[in-house]
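Below is one structure, written out as structure tokens; the observations come after it.
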Amino acid sequence: MAHDPQDRYAPRKVEAKWQYLWDERGTNRFTPEAIRTPERPFYNLMMFPYPSAEGLHVGNIYAFTGADVHGRFHRLQGKDVFEPIGFDAFGIHSENFALKMGIHPMDLIPRNVANFTRQLRRIGGMFDWDHTVDTTQPEYYRWTQWLFLQLFKGKLAERKEAPVNWCPSCMTVLANEQVVGGVCERCETAVEQRRIAQWFFKISDFAPRLLENLDRIDWSETTKKAQENWIGRSDGAEIHFAAIGHEGTRVEVFTTRPDTLCGATYMVLAPEHPLVDRVTTDEHRADVEAYRARAGRMDLVTRKKTDKTKTGVFTGGYCENPGTGEEVPIWIADYVLMEYGTGAIMAVPAHDERDFEFATAFDLPIRRVIAPEGVDPEAPLDEAYTGDGILVNSEGFDGLTMEEGKRVVAGWLGSEDLGKVMVNYRLHDWCISRQRYWGPPIPIVYCEACGPVPVPEDQLPVLLPRVEDFKPDDSGVSPLARVESWYRTPCPDCGAPARRETDVSDTFLDSAWYFLRYPSTDHDTVAFDPATTRTWLPVDTYIGGNEHAVLHLLYARFITMALHDLGHLDFEEPFSRFRAHGLIVREGAKMSKSKGNVVVPDPIIDEYGADTFRLYLMFLGPYEEGGDYRDAGIQGPFGFLKRLWETIVPVESLREGAPDPEVERKLHQTIEQVTRQMPELGFNTSIAAMMEYLNAVRSGGRSAARSEVEPLVPMIAPFCPHIAEELWERLGHTGGIFEGANWPSYDPALTLADTVTLAVQVNGKVRATLELARGADEATALDLARAEANVARHLEGASV
RNA sequence: GCGAAAGUGGCGGAACUGGUAGACGCGCGAGACUUAGGAUCUCGUGGCCCUGUGCCGUGGGGGUUCGAGUCCCCCCUUUCGCACCA
């Protein structure tokens, strides 16, 4: 192919040119007018990054590129795609790094943000830089504080003292979600138990709706399952056990197995249970106090170790089992947790492994009440029987099946006012207090006379002061508590001297509402403008990592639901569609700094260009499953773009006129396949189809027709926007490929082959193939097949 | 323990409702063009006896079917969530 050798594919040149032009033309930005009046709004959201000092890593780029490809595809189909990006820059991550480097976060974060911005522009994302957020800016966290006040007013925020996870290294309280396998999620230090007064959001009130709504949203199944698990619904009953010798005192237990009521041979209270004092007899008080003290010191983690042998002490007290009328002893043990159910259980050692273990250790009676057909109910058990069976030794309930038993016993308890059907959730309230510096101050003032008083909304933001000594200490309070000039303030209600809340809020609160802010960043008098919000939300597609399946995503749903109930939003689910992308590994191994095997993006973009890098990342494997990054692999996509360029670029040498019929069919098949797969994020297979098509166009060294290659350009554009713009322009189009609906269409009739190939099989083996003209009827086909089969002299089982 | 996903060439991965397994790409082999090339192009590339109209091949074992990577049953392995949650 003769063409100017100077006019080779030069990614750096092409990319610099188009990034400049997009910026110049405002291609990706919505003006304040435009964002009010989109014709076909499409809100394309991706999880905003934490701007680390290291800069963007491949994981970020993979996530953003996939989301960007999705957004650009919809844009080429004529949608008004809003694709914002921002920075989640508050929090322990940033603060710890600032401490390590000895740089104040107020100086460090802007630097990181600038570096991230540069890198994000470089990868060619369709970001609207006029609608960006930085959670550490007062104009953003002002509204985070406003959000707290709305929940406070709605009685969804409360202050209470609670045992919390305390990380002795980060010197702060952690949410349950941030404790992974007993250690701090961030620094992997073992977590301890402490009691501190803190602010909680009542997310557990929303557990039923958070669970039920999952059926109505289009999310990755894995993510929904993770949330379902986390919310943890259990169906059962609450049962009242009257305490012997304490008239009117009853112990309430939650159980999922009311059918085993008559097998409850003892009870166990959590050591912190409020009734422990009352039921404990003088004789046992010393033992009980000693045990409680020990359990109170132990961190929440060790306490939950499954493999730990059971410990506990007898209180001396007894309860009446309402099923049998028998007196059963009350014990305390740390295997019963105060924060789940009622903090008390009826122990059924015959049918619960933990109770069996405890009963065996302390020589408590074990009574079988469920037995499979044909098994002697009195035969001794050597382990808990948790299988199905018939009720036995259960007074009037004998003979019922397990399932009937659950219903009947619960119903009977209800009618006798001894209990009720109950649903329990594992989900705990969300502790949002952090005894740290780098976050939005919680907008509350404590007044001796008025109690906790919310900061009036017109006094927001409560600015985070610049404090040079922002190091956390072991005092259990925030570094802000050392800044008297800041925390001393008059009470907003009575004017008396008062004191600000010195804790800041959890970073997850910042990210629980940022998607509401993006479209409204032009508005500085409201958190989110009602009309704009109605236009753009809920988010059409949200793409992000599954590591946030139960943290961020659940909080964002909760905040949206709460704002809906408080009258601020007219929808209760923020993300109509969520897709989790997969993870990128390198040469089969996880990437980590310590292994020194991280992919550094900048040099790769220098050498091959952002288009090739994007294309390669999307080609690695199914987007929702991730892929294995192999350094040599980038040659494939790079070669493809070079060939694409060389096929098109001397535009004058392209043939005019209709495509070759063979190529035309392949073209329409390719358009069909790619158009079908793109909305489902089938990026790797779409790219493969386009490569296959280009191979067909170039096969035998033939020169391409314009009509053969031109539709390929918009199809490649979501992946490789720069080269696509350049080729589109060279093909004579003005105004940019992303302006207008330039996605190609296909003719289904043209995707079909003229002949159909039939395989003739005899006894499961292919004996012949024959070509049939399209439209030939089945009878003809069968006749032909049988004839072929006969020729092959196999007479049995011939079929098509 | 509970829940979920996945096992296909040397590697990443294709295969829509059951219909010629291995698309696309990497790697590898041969050749061409070159002073040279880790550039470019062409051809080949699951295994086996390499004789064929040949045999075996999608973690293992059964089954349904004219036909199974795909559907059913049992087992094995890996990865990821949750986990003393009553």
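All values derive from a computational prediction rather than experimental measurement. For the numbers below, each heavy atom of this structure counts, side chains included, while hydrogens, waters and symmetry mates do not. Just so we're on the same page: letters track the sequence lines, and every chain starts at 1.
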Reckon A/N695 touches a base, only the sugar-phosphate, or nothing at all at heavy-atom distances under 4.0 Å?
sugar-phosphate
In dot-bracket form, how is RNA chain B paired, counting a Watson-Crick or G-U wobble pair only if both its distances are under 3.5 Å and using | for bases paired to another strand?
(((((((..(((......[....)))((((((.......))))))((((..).)))..(((((..]....))))))))))))....
Please state the [atom1] separation for the pair [N] and [M] - nearest whole angstrom.
N: B/rC74; M: B/rG27; atom1: C1'; answer: 39 Å
N: B/rC26; M: B/rG9; atom1: C1'; answer: 13 Å
N: B/rU70; M: B/rC16; atom1: P; answer: 12 Å

Hits for salt bridge (Lys or Arg N to Asp or Glu O under 4.0 Å) against A/K642, two or more places apart or cross-chain, chain-then-number order -> none
State which of B/rA86, B/rG3, B/rG27 makes the closest approach to the side chain of A/A632.
B/rG27
Please determine, for the side chain of A/A226, which listed nucleotide (B/rG3, B/rG81, B/rG25) has the closest atom?
B/rG81
Applying ring pair (Phe, Tyr, Trp, His ring centres under 6.0 Å) to A/F619 and not counting sequence neighbours gives none
Sorted by chain and number, sequence neighbours left out, ring pair (Phe, Tyr, Trp, His ring centres under 6.0 Å) with A/Y629 holds for A/Y616
Heavy atoms under 4.0 Å is the rule here; annotate nucleotides 6-11 of chain B 5' to 3' with B where the base is hit, S where only the sugar-phosphate is, and - elsewhere.
-----S
Would you say a side-chain N or O of [X] is under 4.0 Å from OP1 or OP2 of [N]?
X: A/S234; N: B/rA86; value: yes
X: A/N684; N: B/rA14; value: yes
X: A/R426; N: B/rA83; value: yes

Below 3.5 Å is the cut-off: list the nitrogen or oxygen pairs between protein and nucleotides 38-42 of chain B, distance only.
residue	atom	partner	partner atom	Å
B/rU40	OP1	A/K642	NZ	3.2

